[in-house]
Amino acid sequence: MEKLGIQIPDFETAERCLLHHLAAELSAGAMSPKEAAARVWQGIEALTECEREFVAAVGPEYYLDYLPPEGLRAWETAVRLAAETLAGTVFPHVR
């Protein structure tokens, strides 16, 4: 990669890039909230308020199967809103 002039991001930057990518994909309708939740883990590095809100809205994936239908719809709405907010922010350049 170095020979091609491509800078490899550090782990923290890669995690944050993933959050922004998932938010953009979810906002564009390319994935469902459940698909995004399956790729976000608690403890992922989220530095900005929008990143933290997205991770918090996703919450722990394991409990989704136990939500009643109205609870699942409310969760999906909260995740979509947080994703749209995050997708509307600019991701900082790779260090």
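It should be emphasised that the depicted structure is a prediction, and the values quoted were computed from it without experimental measurement.
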- Go through the steps for Asp65 and Lys34 under the test side-chain contact (heavy atoms from CB on, under 4.5 Å), then give the verdict. CA-CA 10 Å; Asp65 293 333; Lys34 270 190 148 181; 3.5 Å; yes
- Would you sort out whether Trp41 and Leu18 count as a side-chain contact (heavy atoms from CB on, under 4.5 Å), showing the intermediate values? CA-CA 11 Å; Trp41 55 93; Leu18 174 65; 3.7 Å; yes
- Query: Can you list the steps and then say if Arg73 with Glu76 is a salt bridge (charged side-chain N to carboxylate O under 4.0 Å, His left out)?
  - Reply: CA-CA 5 Å; Arg73 283 190 296 278; Glu76 288 176 335; over 6 Å; no
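Nearest heavy atoms, Leu19 versus Leu86: O-CD2, 3.7 Å. Looking at every heavy atom in both residues, Ala87 comes nearest to Ser27 through CB-OG, 3.7 Å. Across Ala83 and Ala23, no two heavy atoms sit closer than the pair O-CB, 3.5 Å. In terms of heavy atoms, Ala30 sits closest to Glu35 at O-OE1, 4.5 Å. Of all heavy-atom pairs spanning Pro33 and Leu26, the tightest one is N-CD1, 3.5 Å. When all heavy atoms of Arg16 and Thr48 are compared, the pair lying nearest together is NH2-CG2, 3.6 Å.
No more than 12 heavy atoms of other residues, nucleotides or ligands shown are found within 6.0 angstrom of CZ on Arg39.
Cluster annotation: Leu22 is not connected to Leu81 through the hydrophobic network of ILVMFWY side chains, with a link wherever side-chain heavy atoms come within less than 4.5 Å. Residues Val40 and Tyr63 share a single hydrophobic cluster, defined by chaining ILVMFWY side chains whose heavy atoms lie under 4.5 Å apart.
Between the OG atom of Ser32 and the CZ atom of Arg80 there is a distance of 7.5 Å, given to the nearest 0.5 Å. To the nearest 0.5 Å, atoms CG (Leu64) and CH2 (Trp75) are separated by 4.5 Å. Distance check, rounded to the nearest 0.5 Å: OG1 of Thr77 to CG of Leu72 gives 9.5 Å. Distance check, rounded to the nearest 0.5 Å: SG of Cys17 to CD of Glu12 gives 12.5 Å. Taking CD1 of Ile44 as the reference point, atom CZ of Arg52 lies at 13.5 Å (rounded to 0.5 Å).
Using a 4.5 Å heavy-atom cutoff, the side chains of Thr89 and Glu51 are not in contact.
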